[in-house]
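Worksheet: one structure, shown below.
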Amino acid sequence: MTDPHQPAPPRPTSRDVARAAGVSQATVSLVLGGKWPGRVSEATARRVRESAAELGYRPNLAARSLRLGRTRTALLVVPALTNEFFARVYTGAAAVAAEHDFGVVLYPSPDGTGPARDPFASARASLDGVIASSMASDALSALHGADLPLVMLDSDPAGTDAAAHVNLDIADGMRQVTDHLLGLGHRRFVHLASAVDTWTFAVRAGALREAVDAVPDAEVRTVRAPLDVRAGREAAEQALT
DNA sequence: ACACTTTTCAGACCCTTAAT
DNA sequence: ATTAAGGGTCTGAAAAGTGT
């Protein structure tokens, strides 16, 4: 039974592990950091691991970051996770990050208005990189000049100074959809477009227009609607009537 | 004496708080 | 107002240990 009024016992440090294993703190660091082969004997390494397990030792990440000047943390900036697509983006990013011993912190850009306060003031100091959707550009502008490596999702490859871009082949997808419908004999299209003006939507619209224009008697009309299901349904119903 | 392996030392990281 | 200490971890260099 633990007394909630008693302060928690101090967390064991690498020094405690070293004392328990009868080695120096440096040896603990080597062993637990996986850099011991060739530097520390097998028997010593085992002793260190056993002591660490016994004490329930976990490295102090703040101290590690202090030493390394890195946090192994990336910020993911996307629109709300209620959108399934971005929920999957997060899952994928977190999985890949974990493979590289990185963590992912999520910043869902508030709907419409952008961040209430600059959420990145501390982020600038505690992040090693940013992954951002172009659809969260409001939030992203707050990061301007943060001097962090930036990976852009779904955005104009020529548009930003990002270190890398990850884009779907949107144009080809749009072409395939349009060709399919044209093949079925359809000729009059409504493009229910987002009212949000981003590169990814412009590419879709361009590919659609191009595919339709290639067929002499086909036509496309564009209707814009806010980017949510209810508004989309209303706009679709209106277009159909 | 020498080569090689294993372990330790010492300083850097950067910010906060206490002491001067 | 300025200086010094402390926090935990990591790593290159140095020291200690072992075997031939």
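Each chain gets a letter, A, B and so on, in the order its sequence line appears, and its residues count up from 1.
- With sequence neighbours excluded, no residue forms a salt bridge (charged side-chain N to carboxylate O under 4.0 Å, His left out) with Arg209(A).
- Nearest heavy-atom pair across Phe86(A) and Ser133(A) is CE2-OG, 3.6 Å.
- Taking Ile, Leu, Val, Met, Phe, Trp and Tyr as hydrophobic and joining them when side-chain heavy atoms fall under 4.5 Å apart, one finds Val229(A) isolated, its cluster having no other members.
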Between N or O atoms, less than 3.5 Å apart, protein on one side and nucleotides 13-20 of chain C on the other: list the pairs.
residue	atom	partner	partner atom	Å
dA13(C)	N6	Arg39(A)	NH1	3.0

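- In the region residues 17-24 of chain A, proximity to DNA chain B at under 4.0 angstrom, judged on heavy atoms, holds for Val23(A), Ser24(A).
- In the helix from dA1(B)-dT20(C) to dT20(B)-dA1(C), the rotation axis of the first five pairs and that of the last five pairs differ in direction by 60°, rounded to 10 degrees.
- A search for salt bridge (charged side-chain N to carboxylate O under 4.0 Å, His left out) contacts involving Arg19(A) returns Asp16(A), not counting sequence neighbours.
- Leu240(A) belongs to no multi-residue hydrophobic cluster, having no ILVMFWY side-chain contact under 4.5 Å with any other such residue.
- In this structure, the side-chain contact (heavy atoms from CB on, under 4.5 Å) partners of Leu192(A), at least two apart in sequence or on a different chain, are Val223(A), Ala225(A), Ala235(A), Ala236(A).
- Shortest non-hydrogen contact noted between Ser14(A) and Val28(A) is O-CG2, 3.8 Å.
- Salt-bridge annotation for Glu237(A) and Arg230(A): absent, with no side-chain N of the basic residue lying under 4.0 Å from a carboxylate O of the acidic one.
- The separation between Arg72(A) atom CZ and dC10(C) atom C1' is 13 Å, rounded to whole Å.
- Ala45(A) and Val31(A) make their closest contact through O-CG1, 3.6 Å (heavy atoms, listed as atom of the first residue, atom of the second, distance).
- Qualifying salt bridge (charged side-chain N to carboxylate O under 4.0 Å, His left out) partners for Arg224(A), counting only residues two or more places apart in sequence or in other chains: none.
- Interface residues of residues 44-55 of chain A facing DNA chain B, ordered by number: Thr44(A); criterion, heavy-atom separation under 4.0 Å.
- Going from atom CH2 of Trp36(A) over to atom P of dT7(B) covers 10 Å, rounded to whole Å.
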Review item, nucleotides 10-14 of chain B N/O atoms under 3.5 Å of protein N/O:
residue	atom	partner	partner atom	Å
dC13(B)	O2	Leu66(A)	O	3.2
dC13(B)	O2	Arg67(A)	N	3.2

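- Here the P atom of nucleotide dC10(C) and the CG atom of Leu30(A) are 9 Å apart, to the nearest Å.
- Rounding to the nearest 0.5 Å places CD of Gln176(A) at 12.0 Å from CG of Leu181(A).
- Within the 3.5 Å criterion, the main-chain N or O of Val23(A) finds no donor-acceptor partner in the side chain of Thr27(A).
- Within the structure, a side-chain polar atom (N or O) of Thr27(A) is placed less than 4.0 Å from OP1 or OP2 of dT8(B).
- Backbone-only engagement by Ser14(A) is indicated by non-hydrogen atom pairs under 4.0 Å involving sugar-phosphate atoms exclusively.
- Under the 3.5 Å distance criterion, the side-chain polar atoms of Asn167(A) are matched with a main-chain donor or acceptor of Asp154(A).
- Sorted by first and then second residue, the pairs that involve residues 179-190 of chain A and meet side chain to side chain donor-acceptor pair (under 3.5 Å), not counting sequence neighbours, are Arg187(A)-Asp217(A).
- A donor-acceptor pair under 3.5 Å is absent between the side-chain atoms of Ser29(A) and the main chain of Gln25(A), judged by distance alone.
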